[in-house]
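Reviewing the structure listed below.
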Amino acid sequence: MAISIMITDDHSMIREGLKNLLELDGDIKVIAEAVDGVDCLNKLDTCNPDVLLLDINMPNMNGLEVLENMKSRKMDIKVLVLTVHNEIEYLMKAIDIGVNGYILKDSESVELKKAIFAVNSGETYIQPSLIPSLNSKMVEKNKDYEKIHCLTNRELEVLKLL
């Protein structure tokens, strides 16, 4: 059975191209498209895709806001962020919110399909080229966490006041 997909991107040519590309082999079916975050959430009320392909930069409501809204509503839909943003901060924020996958728009179509199949089967998929930066950022974050836990209660009070 084909994996059902919803594409949310504010560029119609991107949506059309992705739909044609993904449906080529018959193992993926695009069941809905949305032009922005608000449109996406409205359409998710009536359709239930296996995987949501979600852009970050969109008018009205961006992809990270959509993720937060979906999380607060406890929506059980796997989300693969498909974006131009290779800045690690966007990836970290998406991971903190609970994204299932993160891939860049400059990826090959084979990579995108691999990500969709991985996310659909319950795996987490992060663009391989982003993993070294992600690891570095995680190590840095853990060091900051450890530093804070070494502070005395009084030092923490002072830090909070600052």
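Minimum interatomic distance between R15 and D10 (heavy atoms only, all atoms of both residues): NH1-C, 3.8 Å. For the pair S109 and L21, the tightest heavy-atom approach, listed with the atom from each and the gap, is CB-CD2, 3.4 Å. Nearest heavy-atom pair, M6 versus C47, reported as atom, atom and distance to 0.1 Å: SD-SG, 4.0 Å. Taking all atoms of both residues into account, the shortest heavy-atom contact from A2 to G26 is CB-O, 3.8 Å. Taking every heavy atom of both residues into account, G63 and M58 meet most closely at N-CE, 3.8 Å.
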Handout entry: Intermediate values then yes/no, side chain to side chain contact (heavy atoms under 4.5 Å, CB included), D9 and L82
Key = CA-CA 9 Å; D9 193 295; L82 178 62; 6.0 Å; no
Exercise for the section: Begin from the C-alpha positions of N100 and T124 and carry the test side chain to side chain contact (heavy atoms under 4.5 Å, CB included) through to its verdict. Expected result: CA-CA 5 Å; N100 303 94; T124 299; 5.8 Å; no
Exercise for the section: Kindly indicate, with the supporting measurements, whether the criterion side chain to side chain contact (heavy atoms under 4.5 Å, CB included) is fulfilled by I116 and I3. Expected result: CA-CA 9 Å; I116 289 170; I3 298 171; 4.3 Å; yes
Problem - CA sep, side-chain torsions, deciding dist, call: I28, K113, side chain to side chain contact (heavy atoms under 4.5 Å, CB included) - result: CA-CA 9 Å; I28 296 172; K113 286 186 176 188; 4.3 Å; yes
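D106 is linked by a salt bridge (charged side-chain N to carboxylate O under 4.0 Å, His left out) to nothing, counting only residues two or more places apart in sequence or in another chain. Under the side-chain contact (heavy atoms from CB on, under 4.5 Å) criterion, S4 pairs with I31, P49, D50, not counting sequence neighbours. Among residues two or more places apart in sequence or in another chain, the side-chain contact (heavy atoms from CB on, under 4.5 Å) test is passed with N42 by V38. Residues passing the side-chain hydrogen bond (donor to acceptor under 3.5 Å, both in side chains) test with N62, sequence neighbours excluded: none. Partners of E68 according to the side-chain hydrogen bond (donor to acceptor under 3.5 Å, both in side chains) rule, which considers only residues two or more places apart in sequence or in another chain, are K93. Residues that satisfy the salt bridge (charged side-chain N to carboxylate O under 4.0 Å, His left out) test with K114, not counting sequence neighbours, are absent from this structure. By the side-chain hydrogen bond (donor to acceptor under 3.5 Å, both in side chains) test, S107 pairs with Q127, sequence neighbours left out. Every residue two or more places apart in sequence or in another chain that forms a side-chain contact (heavy atoms from CB on, under 4.5 Å) with E16 is listed here: N20. For A94, the side-chain contact (heavy atoms from CB on, under 4.5 Å) test picks out L64, L67, V99, Y102, with sequence neighbours left out. Residues that satisfy the salt bridge (charged side-chain N to carboxylate O under 4.0 Å, His left out) test with E123, not counting sequence neighbours, are absent from this structure. Residues that satisfy the salt bridge (charged side-chain N to carboxylate O under 4.0 Å, His left out) test with D39, not counting sequence neighbours, are K43.
In this structure, the side chains of K105 and D55 come closer than 4.5 Å at one or more pairs of heavy atoms. Residues I77 and M70 form a side-chain contact, since some pair of their non-hydrogen atoms from C-beta on lies under 4.5 Å apart. At a threshold of 4.5 Å between non-hydrogen side-chain atoms, the residues E33 and T8 do not count as touching. At least one side-chain heavy atom of L53 sits under 4.5 Å from a side-chain heavy atom of L112. L52 has its side chain within reach of L44: a pair of non-hydrogen atoms, C-beta onward, lies under 4.5 Å apart. No side-chain heavy atom of V79 sits under 4.5 Å from any side-chain heavy atom of I97. At a threshold of 4.5 Å between non-hydrogen side-chain atoms, the residues I103 and V81 do not count as touching. The side-chain heavy atoms of Y90 and T83, taken from C-beta on, include no pair separated by under 4.5 Å.
Annotation: salt bridge (Lys or Arg N to Asp or Glu O under 4.0 Å) contacts involving residues 69-84, sequence neighbours excluded, comprise D45-R73.
Follow the hydrophobic side-chain contacts under 4.5 Å out from V35 and you never reach M61; the two are in separate clusters.
Note: L18 CG to E23 CD = 10.5 Å, rounded to the nearest 0.5 Å.
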